[in-house]
Student: 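A single structure is presented below for examination.
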Amino acid sequence: MNDVTTLDAAGARPSLLTRPFVVVTATAFLFFVYIGMLIPIVPLFIEGPLGAGEFGIGLTVAVFATAAIAVRPLIGRIADRHGRRRLIMAGAAIAGLSGILSGQIDALWQLLLLRALTGVGEAGVFVGAATLIADLSPRDRRAEGASYFSVAVFGGIGIGPLFGEWLLDDTQFERAFLVAGAFAFAAAALASFAPARVPSPDANQPADERLDPDVQPVRGWRRFIHPAALLPGLVLASGVAAFATFGAFIPEYSRTVGLASSGGLFAVYALVSVLVRIFGATLPERLGPRRAVTIALGNILIGLLILATVPTVPALWIASLFVGVGVAFNYPSLLALTVNRAPDRDRAFAVSSFTMFFEVGSAAGGLLIGAFAQVVGKQVGFLGGVVSCLLGLWILRTRVVPAGAPDAGPVVDRPVTDAPLRPVAGD
(Lines give C-alpha, C1' and ligand atoms only; values in the text may rest on other atoms or scores of the structure.)
Protein backbone atom coordinates (compact mmCIF):
# COMPACT_ATOMS: atom_id res chain seq x y z
CA MET A 1 0.00 0.00 0.00
CA ASN A 2 2.97 2.33 0.48
CA ASP A 3 4.95 1.69 -2.68
CA VAL A 4 3.37 4.32 -4.91
CA THR A 5 4.66 7.75 -5.88
CA THR A 6 1.94 10.02 -7.24
CA LEU A 7 2.70 11.90 -10.46
CA ASP A 8 0.74 14.61 -12.17
CA ALA A 9 -0.37 14.58 -15.81
CA ALA A 10 3.06 15.81 -16.96
CA GLY A 11 4.84 12.97 -15.18
CA ALA A 12 6.28 15.10 -12.35
CA ARG A 13 5.60 14.99 -8.64
CA PRO A 14 2.77 17.45 -7.86
CA SER A 15 3.58 20.50 -5.76
CA LEU A 16 2.87 20.25 -2.07
CA LEU A 17 3.04 23.96 -1.21
CA THR A 18 -0.02 25.04 -3.16
CA ARG A 19 -2.03 28.18 -2.38
CA PRO A 20 -4.71 26.25 -0.41
CA PHE A 21 -1.98 24.43 1.55
CA VAL A 22 -0.35 27.75 2.51
CA VAL A 23 -3.73 29.26 3.48
CA VAL A 24 -4.57 26.36 5.80
CA THR A 25 -1.08 26.38 7.35
CA ALA A 26 -1.20 30.15 7.93
CA THR A 27 -4.68 29.79 9.47
CA ALA A 28 -3.34 27.19 11.90
CA PHE A 29 -0.42 29.46 12.79
CA LEU A 30 -2.68 32.42 13.61
CA PHE A 31 -5.01 30.28 15.67
CA PHE A 32 -2.26 28.61 17.68
CA VAL A 33 -0.68 32.00 18.40
CA TYR A 34 -4.01 32.62 20.17
CA ILE A 35 -3.74 29.31 22.05
CA GLY A 36 -0.14 30.10 22.97
CA MET A 37 -1.01 33.58 24.24
CA LEU A 38 -3.42 32.08 26.75
CA ILE A 39 -0.78 29.71 28.20
CA PRO A 40 0.67 32.35 30.59
CA ILE A 41 -2.40 34.63 30.72
CA VAL A 42 -4.91 32.08 32.08
CA PRO A 43 -2.87 30.85 35.10
CA LEU A 44 -1.95 34.42 36.08
CA PHE A 45 -5.60 35.46 35.74
CA ILE A 46 -6.70 32.56 37.96
CA GLU A 47 -4.15 33.23 40.69
CA GLY A 48 -4.55 37.01 40.44
CA PRO A 49 -8.01 38.54 39.83
CA LEU A 50 -9.91 35.29 40.40
CA GLY A 51 -7.87 34.23 43.43
CA ALA A 52 -8.41 30.51 42.77
CA GLY A 53 -4.86 29.18 43.20
CA GLU A 54 -3.18 26.08 41.80
CA PHE A 55 -6.27 23.90 42.11
CA GLY A 56 -8.14 26.29 39.84
CA ILE A 57 -5.35 26.10 37.29
CA GLY A 58 -5.54 22.31 37.33
CA LEU A 59 -9.31 22.43 36.84
CA THR A 60 -9.03 24.63 33.77
CA VAL A 61 -6.48 22.27 32.20
CA ALA A 62 -8.70 19.28 32.88
CA VAL A 63 -11.83 21.00 31.54
CA PHE A 64 -10.06 22.10 28.35
CA ALA A 65 -8.71 18.60 27.63
CA THR A 66 -11.97 16.84 28.53
CA ALA A 67 -14.01 19.08 26.23
CA ALA A 68 -11.55 18.61 23.37
CA ILE A 69 -11.69 14.82 23.76
CA ALA A 70 -15.47 14.64 24.17
CA VAL A 71 -16.30 16.45 20.91
CA ARG A 72 -13.75 14.64 18.73
CA PRO A 73 -16.15 11.97 17.35
CA LEU A 74 -18.82 14.57 16.59
CA ILE A 75 -16.61 17.11 14.86
CA GLY A 76 -15.01 14.42 12.74
CA ARG A 77 -18.44 13.50 11.41
CA ILE A 78 -19.30 17.18 10.88
CA ALA A 79 -16.15 17.72 8.82
CA ASP A 80 -16.85 14.65 6.67
CA ARG A 81 -20.45 15.69 6.00
CA HIS A 82 -20.25 19.48 5.81
CA GLY A 83 -16.68 20.24 4.80
CA ARG A 84 -13.49 21.22 6.58
CA ARG A 85 -13.70 24.98 6.03
CA ARG A 86 -16.90 25.45 8.02
CA LEU A 87 -15.47 23.45 10.91
CA ILE A 88 -12.29 25.54 11.02
CA MET A 89 -14.17 28.85 10.83
CA ALA A 90 -16.72 27.85 13.47
CA GLY A 91 -14.07 26.44 15.81
CA ALA A 92 -11.89 29.55 15.55
CA ALA A 93 -14.87 31.86 16.10
CA ILE A 94 -16.08 29.90 19.16
CA ALA A 95 -12.60 29.90 20.67
CA GLY A 96 -12.07 33.58 19.87
CA LEU A 97 -15.36 34.60 21.49
CA SER A 98 -14.58 32.58 24.61
CA GLY A 99 -11.17 34.25 24.79
CA ILE A 100 -12.58 37.77 24.57
CA LEU A 101 -15.29 37.02 27.15
CA SER A 102 -12.66 35.65 29.55
CA GLY A 103 -11.49 39.19 30.21
CA GLN A 104 -14.98 40.20 31.37
CA ILE A 105 -15.63 37.63 34.12
CA ASP A 106 -15.01 37.54 37.86
CA ALA A 107 -15.61 33.91 38.91
CA LEU A 108 -13.76 30.65 38.32
CA TRP A 109 -16.87 28.72 37.24
CA GLN A 110 -17.39 31.20 34.42
CA LEU A 111 -13.82 30.71 33.25
CA LEU A 112 -14.24 26.94 33.35
CA LEU A 113 -17.22 27.19 30.98
CA LEU A 114 -15.25 29.43 28.63
CA ARG A 115 -12.20 27.13 28.72
CA ALA A 116 -14.48 24.23 27.79
CA LEU A 117 -15.67 26.25 24.78
CA THR A 118 -12.05 26.99 23.90
CA GLY A 119 -11.33 23.25 24.00
CA VAL A 120 -14.24 22.61 21.64
CA GLY A 121 -13.04 25.36 19.30
CA GLU A 122 -9.43 24.14 19.36
CA ALA A 123 -10.53 20.62 18.52
CA GLY A 124 -12.56 21.92 15.58
CA VAL A 125 -9.69 23.96 14.15
CA PHE A 126 -7.10 21.23 14.67
CA VAL A 127 -9.21 18.46 13.17
CA GLY A 128 -10.45 20.56 10.26
CA ALA A 129 -7.02 21.95 9.38
CA ALA A 130 -5.11 18.69 9.85
CA THR A 131 -7.64 16.84 7.69
CA LEU A 132 -7.51 19.48 4.98
CA ILE A 133 -3.70 19.29 4.98
CA ALA A 134 -4.01 15.53 4.49
CA ASP A 135 -6.56 16.12 1.71
CA LEU A 136 -4.19 18.52 -0.06
CA SER A 137 -1.11 16.30 0.27
CA PRO A 138 -0.36 13.58 -2.30
CA ARG A 139 -0.51 10.11 -0.80
CA ASP A 140 3.26 9.66 -0.73
CA ARG A 141 3.85 13.14 0.79
CA ARG A 142 1.35 13.19 3.65
CA ALA A 143 3.96 12.87 6.37
CA GLU A 144 5.88 15.73 4.75
CA GLY A 145 2.71 17.83 4.71
CA ALA A 146 2.06 16.97 8.37
CA SER A 147 5.61 18.09 9.21
CA TYR A 148 5.09 21.54 7.71
CA PHE A 149 1.67 21.82 9.34
CA SER A 150 3.09 20.94 12.75
CA VAL A 151 5.68 23.72 12.37
CA ALA A 152 2.78 26.19 12.11
CA VAL A 153 1.04 24.68 15.14
CA PHE A 154 4.05 24.50 17.43
CA GLY A 155 5.50 27.74 16.07
CA GLY A 156 2.30 29.55 17.03
CA ILE A 157 2.26 27.94 20.47
CA GLY A 158 5.92 28.94 20.92
CA ILE A 159 5.50 32.58 19.90
CA GLY A 160 2.13 33.12 21.59
CA PRO A 161 3.33 33.08 25.23
CA LEU A 162 5.97 35.74 24.55
CA PHE A 163 3.44 38.04 22.88
CA GLY A 164 0.83 37.28 25.54
CA GLU A 165 3.06 38.23 28.47
CA TRP A 166 4.18 41.39 26.70
CA LEU A 167 0.57 42.45 26.14
CA LEU A 168 -0.43 41.51 29.67
CA ASP A 169 2.20 43.75 31.27
CA ASP A 170 1.32 42.16 34.65
CA THR A 171 -2.20 43.59 35.02
CA GLN A 172 -3.77 44.29 31.58
CA PHE A 173 -5.87 41.12 31.45
CA GLU A 174 -8.80 42.57 29.51
CA ARG A 175 -6.47 43.90 26.81
CA ALA A 176 -4.52 40.63 26.59
CA PHE A 177 -7.66 38.48 26.28
CA LEU A 178 -9.11 40.88 23.67
CA VAL A 179 -6.03 40.80 21.43
CA ALA A 180 -5.72 37.03 21.83
CA GLY A 181 -9.32 36.59 20.72
CA ALA A 182 -8.65 38.85 17.73
CA PHE A 183 -6.01 36.35 16.52
CA ALA A 184 -8.61 33.57 16.61
CA PHE A 185 -11.08 35.68 14.60
CA ALA A 186 -8.30 36.53 12.13
CA ALA A 187 -7.76 32.78 11.71
CA ALA A 188 -11.48 32.31 11.05
CA ALA A 189 -11.39 35.05 8.41
CA LEU A 190 -8.35 33.59 6.68
CA ALA A 191 -9.94 30.14 6.72
CA SER A 192 -12.73 31.49 4.50
CA PHE A 193 -10.22 31.37 1.62
CA ALA A 194 -9.53 27.66 2.20
CA PRO A 195 -11.31 25.01 0.12
CA ALA A 196 -14.31 23.35 1.72
CA ARG A 197 -13.49 19.98 0.19
CA VAL A 198 -10.68 18.55 -1.89
CA PRO A 199 -11.00 15.63 -4.32
CA SER A 200 -8.99 12.76 -2.94
CA PRO A 201 -5.44 12.37 -4.31
CA ASP A 202 -6.02 8.63 -3.79
CA ALA A 203 -8.33 8.64 -6.81
CA ASN A 204 -5.20 7.89 -8.85
CA GLN A 205 -4.53 4.68 -6.94
CA PRO A 206 -6.03 1.25 -7.59
CA ALA A 207 -9.17 0.70 -5.52
CA ASP A 208 -7.61 -2.02 -3.40
CA GLU A 209 -4.86 0.39 -2.30
CA ARG A 210 -7.20 3.09 -1.04
CA LEU A 211 -8.43 1.21 2.02
CA ASP A 212 -6.57 -1.03 4.40
CA PRO A 213 -8.31 -4.44 4.34
CA ASP A 214 -8.00 -4.74 8.11
CA VAL A 215 -10.17 -1.65 8.71
CA GLN A 216 -13.75 -2.75 9.30
CA PRO A 217 -16.94 -0.75 8.66
CA VAL A 218 -17.71 1.86 11.29
CA ARG A 219 -20.15 0.46 13.86
CA GLY A 220 -20.28 -0.32 17.60
CA TRP A 221 -17.30 1.23 19.42
CA ARG A 222 -16.00 2.34 16.03
CA ARG A 223 -18.61 5.09 16.06
CA PHE A 224 -16.46 6.87 18.66
CA ILE A 225 -12.90 5.96 17.60
CA HIS A 226 -12.07 5.18 14.00
CA PRO A 227 -10.33 1.78 13.81
CA ALA A 228 -7.63 3.16 11.49
CA ALA A 229 -6.64 5.62 14.24
CA LEU A 230 -6.74 3.37 17.31
CA LEU A 231 -3.34 1.67 17.27
CA PRO A 232 -1.39 4.57 15.70
CA GLY A 233 -3.12 6.80 18.25
CA LEU A 234 -1.96 4.62 21.13
CA VAL A 235 1.62 4.93 19.84
CA LEU A 236 1.19 8.70 19.59
CA ALA A 237 -0.23 8.81 23.13
CA SER A 238 2.78 6.87 24.42
CA GLY A 239 5.15 9.45 22.98
CA VAL A 240 3.03 12.36 24.22
CA ALA A 241 2.88 10.86 27.72
CA ALA A 242 6.66 10.47 27.73
CA PHE A 243 7.13 14.07 26.61
CA ALA A 244 4.66 15.21 29.28
CA THR A 245 7.15 13.78 31.79
CA PHE A 246 9.84 16.07 30.37
CA GLY A 247 7.57 19.11 30.33
CA ALA A 248 6.20 18.61 33.84
CA PHE A 249 9.37 17.63 35.71
CA ILE A 250 12.18 19.55 34.01
CA PRO A 251 11.42 23.06 35.38
CA GLU A 252 11.96 22.12 39.04
CA TYR A 253 14.42 19.26 38.42
CA SER A 254 16.77 21.53 36.44
CA ARG A 255 17.01 23.86 39.42
CA THR A 256 17.93 21.03 41.78
CA VAL A 257 20.75 20.05 39.39
CA GLY A 258 22.14 23.59 39.27
CA LEU A 259 20.52 25.36 36.31
CA ALA A 260 18.96 28.71 37.16
CA SER A 261 16.09 28.40 34.68
CA SER A 262 14.61 25.74 32.43
CA GLY A 263 13.63 28.22 29.70
CA GLY A 264 16.74 27.49 27.66
CA LEU A 265 16.06 23.75 27.74
CA PHE A 266 12.59 24.25 26.29
CA ALA A 267 14.04 26.63 23.69
CA VAL A 268 16.59 24.00 22.61
CA TYR A 269 13.94 21.28 22.41
CA ALA A 270 11.60 23.54 20.39
CA LEU A 271 14.32 24.81 18.04
CA VAL A 272 15.62 21.32 17.29
CA SER A 273 12.10 20.01 16.74
CA VAL A 274 11.16 22.83 14.34
CA LEU A 275 14.43 22.60 12.39
CA VAL A 276 14.09 18.85 11.95
CA ARG A 277 10.48 19.25 10.78
CA ILE A 278 11.44 21.95 8.25
CA PHE A 279 14.69 20.57 6.84
CA GLY A 280 13.86 16.90 7.37
CA ALA A 281 10.25 17.07 6.24
CA THR A 282 10.80 14.40 3.57
CA LEU A 283 12.54 11.96 5.91
CA PRO A 284 9.38 10.24 7.24
CA GLU A 285 8.45 9.03 3.73
CA ARG A 286 12.03 8.04 2.97
CA LEU A 287 12.32 6.05 6.19
CA GLY A 288 8.81 4.65 6.42
CA PRO A 289 6.65 4.77 9.57
CA ARG A 290 8.31 1.78 11.26
CA ARG A 291 11.76 3.36 11.18
CA ALA A 292 10.67 6.99 11.60
CA VAL A 293 8.54 6.40 14.70
CA THR A 294 11.16 4.05 16.15
CA ILE A 295 13.62 6.94 15.83
CA ALA A 296 11.08 9.23 17.51
CA LEU A 297 10.39 7.06 20.52
CA GLY A 298 14.01 5.94 20.73
CA ASN A 299 15.29 9.50 20.97
CA ILE A 300 12.73 10.52 23.58
CA LEU A 301 13.62 7.36 25.54
CA ILE A 302 17.34 8.17 25.43
CA GLY A 303 16.72 11.76 26.53
CA LEU A 304 14.60 10.70 29.52
CA LEU A 305 17.06 7.95 30.43
CA ILE A 306 19.87 10.53 30.54
CA LEU A 307 17.80 12.72 32.85
CA ALA A 308 17.02 9.77 35.13
CA THR A 309 20.66 8.63 35.44
CA VAL A 310 22.96 11.65 34.97
CA PRO A 311 22.06 14.58 37.29
CA THR A 312 24.35 17.21 35.74
CA VAL A 313 23.77 20.46 33.83
CA PRO A 314 25.42 19.23 30.59
CA ALA A 315 23.14 16.17 30.70
CA LEU A 316 20.11 18.49 30.77
CA TRP A 317 21.16 20.12 27.49
CA ILE A 318 22.00 16.82 25.81
CA ALA A 319 18.70 15.30 26.89
CA SER A 320 16.81 18.28 25.47
CA LEU A 321 18.46 17.68 22.09
CA PHE A 322 17.35 14.05 22.04
CA VAL A 323 13.80 14.95 23.11
CA GLY A 324 13.59 17.61 20.37
CA VAL A 325 14.56 15.12 17.66
CA GLY A 326 12.14 12.54 19.02
CA VAL A 327 9.15 14.86 19.18
CA ALA A 328 9.83 16.02 15.60
CA PHE A 329 9.45 12.48 14.21
CA ASN A 330 6.59 11.20 16.38
CA TYR A 331 3.54 12.79 14.75
CA PRO A 332 3.91 13.04 10.93
CA SER A 333 4.35 9.36 10.03
CA LEU A 334 1.59 8.18 12.36
CA LEU A 335 -0.88 10.72 10.97
CA ALA A 336 -0.03 9.76 7.38
CA LEU A 337 -0.42 6.08 8.23
CA THR A 338 -3.85 6.73 9.77
CA VAL A 339 -5.07 8.76 6.79
CA ASN A 340 -3.81 6.21 4.26
CA ARG A 341 -5.61 3.39 6.05
CA ALA A 342 -8.95 5.19 6.30
CA PRO A 343 -11.61 5.40 3.57
CA ASP A 344 -11.97 8.78 1.91
CA ARG A 345 -15.57 9.13 3.10
CA ASP A 346 -14.59 9.41 6.78
CA ARG A 347 -11.07 10.78 6.63
CA ALA A 348 -11.90 13.64 9.01
CA PHE A 349 -13.33 11.17 11.53
CA ALA A 350 -10.06 9.21 11.37
CA VAL A 351 -7.97 12.37 11.84
CA SER A 352 -10.27 13.49 14.66
CA SER A 353 -9.86 10.14 16.42
CA PHE A 354 -6.09 10.18 15.93
CA THR A 355 -5.52 13.73 17.21
CA MET A 356 -7.66 12.94 20.26
CA PHE A 357 -4.72 10.87 21.50
CA PHE A 358 -2.71 14.06 22.07
CA GLU A 359 -5.04 14.86 24.97
CA VAL A 360 -5.26 11.20 26.03
CA GLY A 361 -1.47 10.91 26.20
CA SER A 362 -1.08 14.21 28.01
CA ALA A 363 -3.72 13.33 30.60
CA ALA A 364 -2.42 9.78 31.11
CA GLY A 365 1.15 10.97 31.38
CA GLY A 366 0.23 13.64 33.89
CA LEU A 367 -1.82 11.31 36.08
CA LEU A 368 0.05 7.99 35.97
CA ILE A 369 3.65 9.13 35.63
CA GLY A 370 2.96 12.05 37.97
CA ALA A 371 1.70 9.64 40.64
CA PHE A 372 4.78 7.46 40.12
CA ALA A 373 7.10 10.46 40.50
CA GLN A 374 5.25 11.53 43.63
CA VAL A 375 6.43 8.28 45.24
CA VAL A 376 9.95 7.93 43.82
CA GLY A 377 10.95 11.53 43.11
CA LYS A 378 11.31 13.51 39.88
CA GLN A 379 14.67 12.10 38.77
CA VAL A 380 13.55 8.47 38.97
CA GLY A 381 10.15 9.61 37.72
CA PHE A 382 11.68 10.17 34.29
CA LEU A 383 11.85 6.37 34.05
CA GLY A 384 8.05 6.41 33.86
CA GLY A 385 8.44 8.19 30.53
CA VAL A 386 11.00 5.58 29.47
CA VAL A 387 8.45 2.84 30.14
CA SER A 388 5.87 4.76 28.12
CA CYS A 389 8.28 4.88 25.15
CA LEU A 390 8.94 1.14 25.44
CA LEU A 391 5.20 0.47 25.42
CA GLY A 392 4.81 2.63 22.31
CA LEU A 393 7.67 0.83 20.56
CA TRP A 394 6.10 -2.54 21.32
CA ILE A 395 2.69 -1.50 19.95
CA LEU A 396 4.33 0.07 16.89
CA ARG A 397 6.56 -2.84 15.93
CA THR A 398 4.20 -5.70 16.77
CA ARG A 399 0.73 -4.32 15.99
CA VAL A 400 0.84 -1.13 13.91
CA VAL A 401 3.60 -1.87 11.39
CA PRO A 402 5.14 -5.28 12.14
CA ALA A 403 8.10 -6.41 10.07
CA GLY A 404 6.97 -7.10 6.53
CA ALA A 405 3.81 -4.96 6.72
CA PRO A 406 3.07 -3.50 3.26
CA ASP A 407 3.05 0.09 4.55
CA ALA A 408 5.89 -0.20 7.07
CA GLY A 409 8.77 0.86 4.84
CA PRO A 410 9.75 3.84 2.70
CA VAL A 411 7.88 4.93 -0.40
CA VAL A 412 9.48 3.46 -3.53
CA ASP A 413 9.24 5.46 -6.74
CA ARG A 414 6.83 3.65 -9.02
CA PRO A 415 4.96 5.95 -11.42
CA VAL A 416 1.21 5.75 -11.54
CA THR A 417 -0.31 7.40 -14.60
CA ASP A 418 -3.75 5.84 -14.79
CA ALA A 419 -5.40 9.24 -14.38
CA PRO A 420 -4.28 12.81 -13.84
CA LEU A 421 -4.79 14.47 -10.49
CA ARG A 422 -8.09 16.26 -10.21
CA PRO A 423 -7.92 20.00 -9.41
CA VAL A 424 -8.65 21.36 -5.97
CA ALA A 425 -12.31 22.18 -5.57
CA GLY A 426 -13.52 25.17 -3.61
CA ASP A 427 -16.93 23.87 -2.62
Student: Could I get the full list of side-chain hydrogen bond (donor to acceptor under 3.5 Å, both in side chains) partners for S273, not counting sequence neighbours?
Tutor: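 Expected list: R277.
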Student: To check you understand the geometry: which heavy-atom pair defines the closest contact between P289 and V401, and what is its length?
Tutor: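 So the minimum-distance heavy-atom pair works out to CG-CG1, 4.2 Å.
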Student: Name the residue from F177, F163, Y34, F32 that meets the ring pair (Phe, Tyr, Trp, His ring centres under 6.0 Å) definition with F183.
Tutor: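 Looking at F177, F163, Y34, F32, the match for F183 under the ring pair (Phe, Tyr, Trp, His ring centres under 6.0 Å) is F163.
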Student: By side chain to side chain contact (heavy atoms under 4.5 Å, CB included), which residues pair with T355, not counting sequence neighbours?
Tutor: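 T355 satisfies side chain to side chain contact (heavy atoms under 4.5 Å, CB included) with R72, F126, V127, V351, F358 once adjacent residues are dropped.
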Student: Using the test side-chain hydrogen bond (donor to acceptor under 3.5 Å, both in side chains), find all partners of R290 that sit at least two apart in sequence or belong to another chain.
Tutor: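 So R290 forms no side-chain hydrogen bond (donor to acceptor under 3.5 Å, both in side chains) with any residue.
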Student: Can you name the residues that form a side chain to side chain contact (heavy atoms under 4.5 Å, CB included) with I302, not counting sequence neighbours?
Tutor: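 Once residues adjacent in sequence are excluded, the partners of I302 under the side chain to side chain contact (heavy atoms under 4.5 Å, CB included) criterion are I306, F322.
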Student: Within the structure provided, determine whether F29 and V153 are in side-chain contact (heavy-atom separation under 4.5 Å).
Tutor: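 No, too far: nothing below the 4.5 Å cut-off.
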Student: Residues two or more places apart in sequence or in another chain: which of them pass ring-ring contact (aromatic ring centres under 6.0 Å, His included) with F354?
Tutor: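 None.
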Student: Could you tell me the separation between the CZ atom of R19 and the CG atom of L136, rounded to the nearest 0.5 Å?
Tutor: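 Result: 11.5 Å between the selected atoms.
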Student: Side-chain contact test, heavy atoms from C-beta onward, threshold under 4.5 Å: evaluate it for L178 versus E174 and give yes or no.
Tutor: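 Heavy-atom side-chain distance check fails, nothing below 4.5 Å.
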Student: Can you classify the ring geometry of F382 versus Y253 as parallel (below 30°), tilted (30 to 60°) or perpendicular (above 60°)?
Tutor: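 Plane angle over 60°, so perpendicular.
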Student: Run the side chain to side chain contact (heavy atoms under 4.5 Å, CB included) test on L117 and L113 for me, step by step, so that the C-alpha distance in whole Å, both residues' side-chain angles and the decisive distance to 0.1 Å come before the verdict.
Tutor: CA-CA 6 Å; L117 284 178; L113 290 177; over 6 Å; no
Student: Between F21 and F149 (judged by ring centroids, cut-off 6.0 Å), do the two rings come close enough to count as a pair?
Tutor: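 No, ring centres 6.0 Å or more apart.
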Student: Kindly write out the residues that satisfy side-chain hydrogen bond (donor to acceptor under 3.5 Å, both in side chains) with T118, not counting sequence neighbours, or none if the list is empty.
Tutor: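 Counting only residues at least two positions away or on another chain, T118 forms a side-chain hydrogen bond (donor to acceptor under 3.5 Å, both in side chains) with S98.
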Student: Hey, which of V327, L307, I300 is the one that makes side chain to side chain contact (heavy atoms under 4.5 Å, CB included) with F246?
Tutor: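 Among V327, L307, I300, the one meeting side chain to side chain contact (heavy atoms under 4.5 Å, CB included) with F246 is L307.
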Student: Can you give each donor-acceptor pair under 3.5 Å made by side-chain atoms of residues 231-243, sequence neighbours left out, with the distance rounded to 0.1 Å?
Tutor:
from: S238; atom 1: OG; to: L234; atom 2: O; distance (Å): 2.9

Student: Please test R341 against L337 for side chain to side chain contact (heavy atoms under 4.5 Å, CB included), starting from the C-alpha separation and ending with a verdict.
Tutor: CA-CA 6 Å; R341 289 179 171 184; L337 193 68; 3.9 Å; yes
Student: Would you please test F329 and L283 for side chain to side chain contact (heavy atoms under 4.5 Å, CB included) and show each step?
Tutor: CA-CA 9 Å; F329 278 101; L283 285 176; 3.9 Å; yes
Student: Atom CD1 in I105, atom CG in L108: separation rounded to 0.5 Å?
Tutor: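 Spacing of CD1 (I105) from CG (L108) equals 8.0 Å.
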Student: With sequence neighbours excluded, tell me which residues meet side-chain hydrogen bond (donor to acceptor under 3.5 Å, both in side chains) with R115.
Tutor: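 Expected list: none.
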Student: Can you measure from CZ (R255) to CD1 (I250) and round to the nearest 0.5 angstrom?
Tutor: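 Here the interatomic distance stands at 10.5 Å.
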Student: Rounded to the nearest 0.5 Å, what's the gap from CG on L316 to OG on S254? Could you check?
Tutor: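 Answer for the CG-OG pair, L316 versus S254, is 6.5 Å.
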Student: List the atom of L38, the atom of P43, and the distance in Å for their closest heavy-atom pair.
Tutor: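 Taking L38 first and P43 second, the nearest heavy atoms are O-CD, 3.9 Å.
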Student: For residues 89-124, pull every pair meeting ring pair (Phe, Tyr, Trp, His ring centres under 6.0 Å), keeping only residues two or more places apart or in separate chains.
Tutor: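 As it turns out, there is no ring pair (Phe, Tyr, Trp, His ring centres under 6.0 Å) pair with a partner in residues 89-124 once direct neighbours are skipped.
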Student: Calculate, to the nearest 0.5 Å, the distance between atoms CE and CZ belonging to M89 and F185 respectively.
Tutor: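 Output value for this atom pair is 11.0 Å.
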Student: Could you work out, with side chain to side chain contact (heavy atoms under 4.5 Å, CB included) as the rule, every residue matching L321, not counting sequence neighbours?
Tutor: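 Scan of L321 (side chain to side chain contact (heavy atoms under 4.5 Å, CB included), adjacent residues dropped) gives V268, V272.
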Student: Identify, with sequence neighbours excluded, every residue that meets side chain to side chain contact (heavy atoms under 4.5 Å, CB included) alongside I278.
Tutor: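 Partners of I278 under the side chain to side chain contact (heavy atoms under 4.5 Å, CB included) test: V151, V274.
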Student: Looking only at non-hydrogen atoms, find the nearest pair between A342 and H226 and report the distance.
Tutor: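 It is CB-CE1, 4.0 Å.
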Student: Test: side chain to side chain donor-acceptor pair (under 3.5 Å). Region: residues 384-396. Which pairs qualify, not counting sequence neighbours?
Tutor: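 Of all non-adjacent pairs touching residues 384-396, none passes side chain to side chain donor-acceptor pair (under 3.5 Å).
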